[in-house]
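Proteins come first, then strands; the chains are lettered A, B, ... in the order of their sequence lines, and each starts at number 1.
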Number of protein chains: 2
Amino acid sequence: MQLEEAKEKFIQAWGALGSNWGINRTMAQVHALLLISPNSLSAQEVMDALNISRGNANMNLRALIDWGLVSKEHKAGDRKEYFFAEKDIWQVAQQVIIERRKRELKPVLKILEDLKTMEGDQKDEEVKAFVESVENIHNIVGQADKFLEIAIKADRNWFFGALIKMFSRKSKQE
Amino acid sequence: MQLEEAKEKFIQAWGALGSNWGINRTMAQVHALLLISPNSLSAQEVMDALNISRGNANMNLRALIDWGLVSKEHKAGDRKEYFFAEKDIWQVAQQVIIERRKRELKPVLKILEDLKTMEGDQKDEEVKAFVESVENIHNIVGQADKFLEIAIKADRNWFFGALIKMFSRKSKQE
DNA sequence: TTGTATTTTCAATCATTTTTGAAATACCTT
DNA sequence: AAGGTATTTCAAAAATGATTGAAAATACAA
């Protein structure tokens, strides 16, 4: 397999992964392209590499900047903007967690909290069962949220060290 | 807020959550409906509750069964099938992890492994940089995969206990 | 077996999301 | 300020994904 072919494969895989997780496929592809690009790219270069229109490239580059995954720079004597991605993959993961937590986890937690407290008539069995369900779900989503909060504050080495410890203790237990 | 209104809110929220994470919105809504339903429901009842067609209900119920989140039963003297969801939310989470790992994480890992090994010409600086990028990504995705593997084997109490310990150690460190 | 209730399938339709491309805007440089 | 890039916007078009509904298949009971 040649380099170009491998890059293409990587971009496709990253795009599919994003798509499966509710991220615009093209946005993920642009991200992939910049992740493996040794130097920063102009909008035109992104358009050419992925065969997408100027508008599309612009929208997705801006979205990536919004997500904190991509930045732009200017080159001396050149009017164009050049884009590059954060390469440290642990930082990328943290940034993705930060954004998804903010955009999708927090709103759900808020709704679950509302639902938990709203219903006063605890005598009704059906109400009781519903509130209990919601409490259980809120509980586990809250735990996941706390865990992710640790992850985004954690140093990579500490974090994986802690996970490995967790794993080894588990093994002993079995 | 009345019970019916609260249920409706919950179903909408669960549907939106699924949709944001690449799960068919209706499938997530059907799941939500069954999660908070005290008794099992026929296809007809699901159709009526969510205002969806028979075909749609059938497809999504079958998908949920496929995911291991819903089962069906028969009632004496009734020809219809009745559907009910696994209520233990930790089990639900584990099942979701199992499926997404199988469907989406494993294939990506496979591709990353292929890309890592495929390129022999290590003298070329560009090739070297690419392989290094891929290795880093493979590394972190692999770690995530291992962690999820622990989660799906773990007892709920042990798992959250371990997370809390992790958290408290982190706090001391700071 | 026959008739009836129920489930499944899937081509056609509908809805949503994504993309395009050209006009408008912003940005430089002189 | 003018002239030439480059970027942004957004209505319309295209592509994709979801839903319908009716026909076919299946399951059951008598």
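Residues satisfying the ring-ring contact (aromatic ring centres under 6.0 Å, His included) criterion with B:F160, sequence neighbours excluded, are B:W90. For A:K75, the side chain to side chain contact (heavy atoms under 4.5 Å, CB included) test picks out A:S40, A:E73, A:D78, A:Y82, with sequence neighbours left out. Taking A:L41 as the reference, A:L33, A:L34, A:S37, A:N39, A:E45, A:V46 meet the side chain to side chain contact (heavy atoms under 4.5 Å, CB included) condition, with sequence neighbours excluded. A:A151 pairs by the side chain to side chain contact (heavy atoms under 4.5 Å, CB included) definition with A:I97, A:F159, not counting sequence neighbours. When the salt bridge (charged side-chain N to carboxylate O under 4.0 Å, His left out) test is applied to B:E126, the partners found at least two apart in sequence or on another chain are A:K7.
Between the side chain of B:E86 and the main chain of B:D88, a donor-acceptor pair closer than 3.5 Å is present. Listed for the A:Q91 side chain is no donor-acceptor partner under 3.5 Å among the backbone atoms of A:L69. With A:Q143 contributing its side chain and B:L163 its backbone, the two residues share no donor-acceptor pair below 3.5 Å.
Place A:S19 and A:K72 on DNA chain D by their nearest nucleotides, and A:K72 ends up nearer the 5' end. Each of B:M59 and B:F83 was assigned the nucleotide of DNA chain C with the nearest heavy atom; the assignment lying further toward the 5' end belongs to B:F83.
For the pair B:Q44 CD and C:dT7 C1', the interatomic distance rounds to 12 Å; values are reported in whole Å. Rounded to whole angstrom, the span from the CG atom of B:L61 across to the P atom of C:dT9 amounts to 13 Å. Atom C1' of nucleotide C:dA5 and atom OH of B:Y82 are separated by 12 Å, given to the nearest angstrom. At whole-Å resolution of the value, CD in B:E73 and P in C:dT7 are 13 Å apart.
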Polar atoms only, N or O, under 3.5 Å: list the protein pairs with nucleotides 21-30 of chain C and their distances.
from	atom 1	to	atom 2	distance (Å)
C:dC28	O2	A:R79	NH2	3.4

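Closest heavy-atom contact between B:A28 and B:G18: CB-CA, 4.2 Å. Between B:Q29 and B:G15, the closest heavy-atom pair is CG-CA, 3.8 Å.
The end-to-end axis angle of the helix from C:dT1-D:dA30 to C:dT30-D:dA1, rounded to 10 degrees and based on five pairs per end, is 30°.
The pair B:E81-B:K72 counts as a salt bridge, with a side-chain nitrogen and a carboxylate oxygen less than 4.0 angstrom apart. Ionic pairing of B:D124 and B:K128 is not present here: no N-O contact between side-chain nitrogen and carboxylate oxygen is shorter than 4.0 angstrom.
When heavy atoms are screened at a 4.0 angstrom cut-off, B:E81 is found touching the sugar-phosphate backbone but no base atom.
Near DNA chain C, defined here as any heavy-atom distance below 4.0 Å, there are no residues from residues 9-18 of chain B. Contacts of residues 21-31 of chain B with DNA chain D (heavy atom under 4.0 Å): B:N24, B:T26.
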Show every donor-acceptor pair shorter than 3.5 Å between a side-chain atom in residues 53-60 of chain A and any protein atom, with sequence neighbours excluded, or say none if there are none.
from	atom 1	to	atom 2	distance (Å)
A:S53	OG	A:N56	N	3.2
A:R54	NH2	A:Q44	OE1	2.7
A:N56	OD1	A:N60	ND2	2.7
A:N60	ND2	A:N56	O	3.2

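Within the structure, salt bridge (charged side-chain N to carboxylate O under 4.0 Å, His left out) contacts touching residues 93-109 of chain A (residues at least two apart or in different chains) are A:E99-A:K102, A:E99-A:R103, A:R100-A:E104, A:R101-A:D145, A:R101-A:E149, A:K106-A:D145.
Contact footprint of chain B on DNA chain D: nucleotides with an atom under 4.0 Å from a non-hydrogen protein atom, first to last in 5' to 3' order, D:dA18 to D:dA29.
The phosphate of C:dT7 (OP1 or OP2) has no side-chain N or O of B:N58 nearer than 4.0 angstrom.
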Q) Under the side chain to side chain contact (heavy atoms under 4.5 Å, CB included) criterion, do A:S71 and A:F84 qualify, and how do the steps go? A) CA-CA 6 Å; A:S71 311; A:F84 61 98; 3.6 Å; yes
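Taking the six-membered ring where tryptophan is involved, the planes of A:W14 and A:H31 are tilted, since the angle between them lies from 30° to 60°.
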